[in-house]
Amino acid sequence: MTAEQAEQAAADRDARRVPVRRLTVLYDAECSLCRFLRARLSRQPQLVPLEFVPAASAEARARFPGLDHRATLDEITVVGDAGQVYRGAAAWIVVLWALREHRPLSHRLSTPAGAKLARAAVLAATKWRGAQGGAGWGGGVYRRGDGWSYDPHRGWSYAPPTCADGACSTR
């Protein structure tokens, strides 16, 4: 990253220019861990209001037509009220930033060393979710990013990406 790019990136995060007044957290409503965290986070005192919307739902697609909605099922995605999009570790950090009791932790995790820790936590949660893909994951629908999903009552199904959800192949 050039010095000019770093300066522009820092300017883009200037809270005085682009204040964040609300965050929308897109979560996998079929994932037991995601539902647990959604319930836990919604009970926390919030400095910035968090709104929870099931990932890839009709509401999410209507509100955020430019997002890759298949990808939002694979990793947490947070959208700011001014269009900011955070994914993975950055999404978790911004969610912590919105919570009164966890804002100091979010500042520590936003450092280079803290970002490694945040990424490791996200990878651990992803690994746990992946391990839950077999028997005993809570009985919900398991979705993969490539379009395949497994419903314990209906079996495997495939829904190819469409251009409407921003996942068209350009090759």
Handout entry: salt bridge (Lys or Arg N to Asp or Glu O under 4.0 Å) contacts in which one or both residues fall within residues 76-91, not counting sequence neighbours
Key =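 Sorted result for residues 76-91: empty, none.
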Exercise for the section: May I have all residue pairs that pass salt bridge (Lys or Arg N to Asp or Glu O under 4.0 Å) and include part of residues 91-100, sequence neighbours excluded? Expected result: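 Qualifying pairs: none.
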Exercise for the section: May I ask whether F36 and F52 are part of the same hydrophobic cluster, defined by side-chain heavy atoms of I, L, V, M, F, W, Y residues being less than 4.5 angstrom apart, directly or through others? Expected result: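 Yes, because F36 and F52 connect within a single hydrophobic cluster, where side-chain heavy atoms sit under 4.5 Å apart.
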Problem - Pairwise distance SG(C31) to CG(L73) - rounded to 0.5 angstrom - result: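 With rounding to 0.5 Å, SG (C31) is 10.5 Å from CG (L73).
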Exercise for the section: Take V79 and L67 through the side-chain contact (heavy atoms from CB on, under 4.5 Å) test and state the conclusion after the steps. Expected result: CA-CA 10 Å; V79 182; L67 282 181; 4.0 Å; yes
Exercise for the section: State, to 0.1 Å, how close L23 and A98 come at their nearest heavy-atom pair, and which atoms those are. Expected result: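 It is CD1-CB, 3.8 Å.
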Handout entry: Distance-minimising heavy-atom pair for V95 and V78
Key =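 Taking every non-hydrogen atom into account, CG2-CG2, 3.7 Å.
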Handout entry: S106: partners by side chain to side chain contact (heavy atoms under 4.5 Å, CB included), with sequence neighbours left out
Key =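 For S106, the residues satisfying side chain to side chain contact (heavy atoms under 4.5 Å, CB included) (neighbours in sequence not counted) are I93, L96, W97, R103.
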Exercise for the section: Tell me, please, which residues at least two apart from A60 pass side chain to side chain contact (heavy atoms under 4.5 Å, CB included). Expected result: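 Testing A60 for side chain to side chain contact (heavy atoms under 4.5 Å, CB included), a comparison that skips the adjacent residues, returns L26, V53, S57, H69.
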Handout entry: Side-chain heavy-atom pair V25, L41 within 4.5 angstrom cut-off
Key =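 No - every pair of side-chain heavy atoms lies 4.5 Å or more apart.
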Handout entry: T24 side chain reached by F64 side chain, heavy atoms, under 4.5 Å
Key =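 Sidechains of T24 and F64: in contact.
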Handout entry: Any donor-acceptor N/O pair, R22 side chain to G80 backbone, under 3.5 Å
Key =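 Absent.
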Handout entry: Side-chain donor or acceptor of Q84 paired with backbone N/O of A82 under 3.5 Å
Key =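 Confirmed, Q84 side chain pairs with A82 backbone.
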Practice task
Take L50 and L99, measure what side-chain contact (heavy atoms from CB on, under 4.5 Å) needs, and give me the verdict at the end.
Solution key: CA-CA 9 Å; L50 296 173; L99 302 174; 3.9 Å; yes
Problem - Sequence neighbours excluded, every pair satisfying side-chain hydrogen bond (donor to acceptor under 3.5 Å, both in side chains) that has a member inside residues 37-54 - result: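 Matches after skipping sequence neighbours: Y27-R38, E51-R63.
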